[in-house]
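Model, not experiment: these values are computed from the prediction.
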Amino acid sequence: MFRALAILFLTAAPALAWEARPGPVCELVHDGETASVRVTYDPAIPEYAIAITPDRPWRKGPIFTMRFDGPQGNMITTGRHVISPGGATLTVTDKGFGNVLNGLEFNHTATALLGEQAVSVSLDGAGPAVRDFRACASALNI
């Protein structure tokens, strides 16, 4: 009976892993406790995007900042973010994403900041998935 309860508990828990999904558009996805993160690379454009969907809607703000805390901490800012109708998702696009990918791969947490709102995401286990995402993007650029 205890074994059945343990299996039920483990399979009912949300997936918190980082996952790379190769395809015609490369994806790096994470459904965390506080937010879902989706990084894409579309070679047809060619463009990278990061979309962050927290458990509460985004409020508008002029400057978006992404802070990476850990061994290779960094802070990236932009005013070129877009918030979806209703504030569900914030998206930033760019031709290059080296700083974002390095931040995700080599640190412990990422904190998305917009105005007074802060959304932290654990980067535990992100490294291998980021490397797979990079390999996917490189393969599509050949």
Side-chain angles (χ1 to χ4, degrees), residues 3-142:
R3 207 176 272 179
L5 285 174
I7 291 170
L8 177 64
F9 176 74
L10 292 174
T11 58
L16 300 177
W18 286 85
E19 180 184 358
R21 298 177 183 164
V25 172
C26 301
E27 290 183 287
L28 174 66
V29 295
H30 174 69
D31 291 321
E33 293 178 8
T34 58
S36 295
V37 178
R38 181 174 182 251
V39 179
T40 57
Y41 174 70
D42 185 345
I45 300 175
E47 190 171 73
Y48 290 88
I50 185 167
I52 304 166
T53 306
D55 51 12
R56 288 182 283 143
W58 289 104
R59 295 181 299 270
K60 292 185 180 184
I63 302 294
F64 171 73
T65 301
M66 194 129 186
R67 185 184 71 222
F68 299 100
D69 296 308
Q72 292 187 22
N74 194 9
M75 191 176 291
I76 303 164
T77 62
T78 184
R80 299 181 321 150
H81 59 282
V82 176
I83 299 175
S84 66
T89 302
L90 180 145
T91 304
V92 177
T93 60
D94 203 343
K95 299 288 182 190
F97 246 45
N99 286 337
V100 172
L101 295 176
N102 287 343
L104 295 172
E105 184 175 358
F106 300 117
N107 291 291
H108 303 302
T109 59
T111 303
L113 303 151
L114 184 63
E116 301 277 323
Q117 192 170 2
V119 178
S120 291
V121 176
S122 172
L123 300 177
D124 288 343
V130 172
R131 289 188 290 277
D132 290 346
F133 176 84
R134 288 181 198 260
C136 175
S138 292
L140 293 179
N141 281 324
I142 293 176

Between T111 and S120, do the side chains contain an N or O donor and an N or O acceptor separated by less than 3.5 Å?
-> yes
Which atoms form the tightest heavy-atom contact between S36 and D31, and what is the distance?
-> OG-OD1, 2.8 Å
Please report the C-alpha distance between N74 and N99 in whole Å, then the side-chain angles of each, then the deciding distance to 0.1 Å, and finally whether the side-chain contact (heavy atoms from CB on, under 4.5 Å) criterion is met.
-> CA-CA 8 Å; N74 194 9; N99 286 337; 4.0 Å; yes
Do H30 and L104 touch side chain to side chain, with heavy atoms closer than 4.5 Å?
-> no
Spacing of L113 atom CG and I63 atom CD1 [to the nearest 0.5 Å] | 12.0 Å
Can you check side-chain contact (heavy atoms from CB on, under 4.5 Å) on Y48 and D94, steps first, answer last?
-> CA-CA 5 Å; Y48 290 88; D94 203 343; 5.6 Å; no
Side chains of V92 and M66: does their closest heavy-atom pair fall under 4.5 Å?
-> no
Side chains of T34 and D55: donor-acceptor distance under 3.5 Å anywhere?
-> no
Indicate the atoms forming the closest heavy-atom contact of E116 with R59, along with that distance.
-> C-NH2, 4.2 Å
So D69 and H108, side-chain contact (heavy atoms from CB on, under 4.5 Å) or not? Walk me through it.
-> CA-CA 6 Å; D69 296 308; H108 303 302; 5.8 Å; no
Heavy-atom distance under 4.5 Å between the side chains of N107 and Q72, does that happen here?
-> yes
Mind listing the closest non-hydrogen atom pair of I52 and A35 along with its distance?
-> CG2-CB, 4.2 Å
